[in-house]
Amino acid sequence: PFDEVPGRYKVRDLSLAEAGRHQIRLAEHEMPGLMALRAEYGEAKPLAGARIAGSLHMTVQTAVLIETLTALGAEVRWASCNIFSTQDEAAAAIVVGPHGSPSDPQGVPVFAWKGESLEEYWDCTEQILVWPGEQDGRHGPNMILDDGGDATMLVHLGLQYERLGAVPADTRPGEPDHADEMNVVRAVLRRSLEIDPLRWTTVAQQIEGVTEETTTGVHRLYQLAAEGSLLFPAINVNDSVTKSKFDNKYGIRHSLPDGINRATDVLMGGKVAFVAGYGDVGKGAAEAFRGQGARVIVSEVDPICALQAAMDGYQVARIEDVLGEADFFITTTGNKDVVTAEHMTRMKNKAVVGNIGHFDNEIDMAGLAALPGVERVEIKPQVHEWTFPADDDGTVRSIIVLSEGRLLNLGNATGHPSFVMSNSFSNQVIGQIELWADAARPADEREYERQVYRLPKHLDEKVARLHLDALGVRLTELSKSQADYLGVPVDGPYKPEHYRY
Ligand code: NAI
């Protein structure tokens, strides 16, 4: 059951729009950065002419981002960047728009619902890259706003296959680089090239830039740039200090326990929690467990992060050594194969296993499903109990896996809270303005090439400033002589580029 107008929108249920609108209204109050940008730029409309294809969790907070982009003059089409992360009421409210009604939707095209199949997910991603109605349907977006890099990947891969003259044959289990999801992507691209053999050339030519939200997507962009195959300039939003040091850390500190509680309601206090990875996300995760009274064990491959974890008072161990000890296993690495099927067979009975890194390859779900005799029971959507065959002594153990190994804070709960997302999304909006303004300059005056850039520090500081009043922060001002003594301008930036916060 969907509410759908082909090419225009596809969401679960437009009658949820009113509920979504109430939540958006409350979120606006908690997103002072985005609202300040609307006030500052609403009249000048610096995004006029921009056609933004957005691939980012379709939540209430993202709804406020979308309506900020349109308030600044952009046209927008949106899909979620994860099959479980859409809040259907937010998607409905965005399609209906602030002035429309479910019978007369006037808002932004959205293609997203909670619980998409992989085929549906990639269809939705393709939908945001088609701007219907003009130039034989070849009228695409001219900007991408990405989270995890799937929209950017589809354009790059589409163009690669187009130039190759064929989409490679599907891979099968056991073959090199086999992933079922890649076969789904290939099917989408095969179909698109049958309809229009020059489809991806047309799309790629029009795109002026991408702003990327998360660590994993940024990693993909740097790889493309290093190979020399990045097709357009990219702004790395993740590594703005006001993004990764806030969203990744404090956002996770809030939304990880939220996901675990909504999924299981298992007490964390007094238990043992294992956190794989002690980067920004891992630091937030470990602190959340400690705040609930759990004893936390961290694993790391990087000696600096391992030492940090130890100095912060956590035990640092390898997963193999604590399988029978931990009650929770959470992956935060952005790496693959961190929890293997074999690990899971040796975990404590009823251990809760979940991932909060961007992709679902941190936990080997395919390996788990392939174990002889293993049984899977759905407790409720996005919560599954996996029971193993009896041990030699007859004991039967099971584990609880959250969101089928995908981002649990968005699959089992509603992701990060508004206030922290206001920081991240203010960086997104500023990044879009930067790249779009640059695209309007004559070619020889452009600042951005086909590389990956971070926003300048004065803009990072601006994002932070926009959030101080709401928290009652009274900032100390430097005197001129103090500023001169430190060698910084009175109004900032206050730190050199290499400062780590
Ligand atoms: P990061 O690079 O700061 O931290 C990852 C850490 O994992 C690194 O310190 C690395 O040394 C460690 N690591 C790598 N392989 C490991 C292994 N096999 N065992 C133990 N540790 C290992 O990255 P960050 O910013 O913490 O992001 C992590 C992931 O979370 C990324 O995929 C990112 O996209 C995602 N993310 C998810 C969010 C959410 O809402 N769920 C929010 C922000 C980021």
Side-chain angles (χ1 to χ4, degrees), residues 55-57 59 61-62 80-82 84-85 146-150 212-222 236-260 274-288 297-310 312 314-322 329-340 343 354-364 402-403 405-418 420-421 423-425 427-428 500-501:
S55 167
L56 194 152
H57 310 292
T59 61
Q61 292 71 33
T62 302
S80 199
C81 63
N82 181 283
F84 293 134
S85 64
D146 226 348
D147 181 345
D150 280 351
E212 168 55 54
E213 175 81 3
T214 199
T215 315
T216 288
V218 161
H219 180 64
R220 284 174 154 188
L221 287 172
Y222 282 112
N236 163 358
V237 166
N238 183 69
D239 289 294
S240 286
V241 180
T242 48
K243 200 285 184 180
S244 48
K245 297 290 167 185
F246 290 81
D247 168 322
N248 303 27
K249 183 179 179 191
Y250 305 116
I252 292 289
R253 187 176 69 178
H254 173 105
S255 65
L256 170 66
D258 190 10
I260 292 173
F274 172 83
V275 175
Y278 201 66
D280 292 318
V281 170
K283 288 179 174 76
E287 194 182 335
I297 305 174
V298 167
S299 73
E300 254 297 345
V301 294
D302 178 335
I304 297 177
C305 298
L307 187 61
Q308 277 183 316
D312 285 339
Y314 301 114
Q315 180 185 344
V316 182
R318 294 185 177 177
I319 188 169
E320 303 82 275
D321 298 332
V322 297
F329 291 87
I330 303 297
T331 53
T332 78
T333 68
N335 200 349
K336 60 174 189 164
D337 305 333
V338 174
V339 175
T340 65
H343 289 152
N355 164 46
I356 203 151
H358 192 79
F359 284 121
D360 62 336
N361 50 359
E362 297 206 27
I363 301 173
D364 182 12
L402 306 186
S403 286
R406 294 167 193 274
L407 294 170
L408 79 93
N409 59 327
L410 283 135
N412 298 93
T414 50
H416 295 352
S418 301
V420 87
M421 293 316 292
N423 287 271
S424 309
F425 289 166
N427 283 290
Q428 280 284 6
R500 294 192 178 86
Y501 297 87

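Indexing begins at 1, ligand by ligand and atom by atom, following the structure's order. Just so it is clear, the model here is predicted, and its values are computed rather than measured.
- Annotation: N238 places no N or O atom under 3.5 Å from an N or O atom of ligand 1; distance criterion only.
- In summary, the atoms of ligand 1 found under 4.0 Å from a heavy atom of D302, numbered by their order in the structure, are 11 (O).
- Residue T214 places at least one N or O, backbone or side chain, under 3.5 Å from an N or O of ligand 1.
- Looking from atom 30 (O) of ligand 1 to the surrounding protein, the closest heavy atom is G357 CA, 3.4 Å.
- Across all their heavy atoms, D146 and Q428 have their closest contact at O-NE2, 3.9 Å.
- Taking only nitrogen or oxygen atoms, main chain and side chain alike, Y278 does not reach within less than 3.5 Å of ligand 1.
- The closest protein non-hydrogen atom to atom 32 (O) of ligand 1 is T216 OG1, 2.6 Å.
- Counting only heavy atoms of the protein, atom 24 (P) of ligand 1 lies nearest to T215 OG1, 3.6 Å.
- We find the CG-OG distance between L408 and S255 to be 8.0 Å, quoted to the nearest 0.5 Å.
- Judged purely by distance below 3.5 Å, without hydrogens or angles, the side chains of S55 and D147 never pair a donor atom with an acceptor atom.
- Nearest heavy-atom pair across I319 and F274 is CB-CZ, 3.6 Å.
- For ligand 1, the atoms lying closer than 4.0 Å to a non-hydrogen atom of V301 are 11 (O), 13 (N), 14 (C), 15 (N), 16 (C), 17 (C), 18 (N), 19 (N), 21 (N), 22 (C).
- A donor-acceptor pair shorter than 3.5 Å cannot be found between the side chains of K243 and N427.
- Between the side chains of N361 and N335, not a single donor N or O lies within less than 3.5 Å of an accepting N or O.
- Defined by atom type and a distance below 3.5 Å, a donor-acceptor pair is missing between the side-chain atoms of T59 and T414.
- The shortest N or O to N or O distance between N335 and ligand 1 is below 3.5 Å.
- For ligand 1, one of its N or O atoms has an N or O atom of H358 under 3.5 Å away.
- Checking T216 against H358 by side-chain atom types alone, no donor-acceptor pair falls below 3.5 Å.
- Going from atom CZ of F359 over to atom OG1 of T333 covers 13.0 Å, rounded to the nearest 0.5 Å.
- Heavy atoms of I252 come nearer than 4.0 angstrom to ligand 1 in at least one pair.
- Results of the salt bridge (Lys or Arg N to Asp or Glu O under 4.0 Å) test with D280 over K245, R500, K249 single out K245 as the only residue that passes.
- Between the side chains of H416 and D247, a donor-acceptor pair is found at a separation under 3.5 Å.
- Scanning the protein heavy atoms around atom 5 (C) of ligand 1, the nearest turns out to be T333 O, 3.6 Å.
- Within ligand 1, the atoms closer than 4.0 Å to a non-hydrogen atom of H416 are 40 (O), 42 (C), numbered from 1 in the order shown.
- At least one N or O atom of V281, backbone or side chain, sits closer than 3.5 Å to an N or O atom of ligand 1.
- The protein non-hydrogen atom at the shortest distance from atom 39 (C) of ligand 1 is N409 ND2, 3.5 Å.
- Going from atom CD1 of I363 over to atom NE2 of H343 covers 12.0 Å, rounded to the nearest 0.5 Å.
- Atoms of ligand 1 found under 4.0 Å from any heavy atom of G277, numbered from 1 in the order shown, are 7 (O), 20 (C), 21 (N).
- Every atom of ligand 1 is numbered from 1 in the order shown, and the set under 4.0 Å from a heavy atom of S299 is 20 (C), 21 (N).
- Closest to atom 1 (P) of ligand 1 among all protein heavy atoms lies G279 CA, 4.0 Å.
- Close approach to L407 involves these atoms of ligand 1, each under 4.0 Å from a residue heavy atom: 41 (N).
- Interface of I356 with ligand 1, defined as ligand atoms under 4.0 Å from a residue heavy atom, comprises 30 (O), 37 (C), 38 (C), 39 (C), 41 (N).
- Residue contacts with ligand 1: E300 is placed with a nitrogen or oxygen under 3.5 Å of a nitrogen or oxygen of the ligand (distance criterion only).
- For ligand 1, the atoms closer than 4.0 angstrom to any heavy atom of T332 are 5 (C), 28 (C), 29 (C).
- Judged purely by distance below 3.5 Å, without hydrogens or angles, the side chains of D302 and Y278 never pair a donor atom with an acceptor atom.
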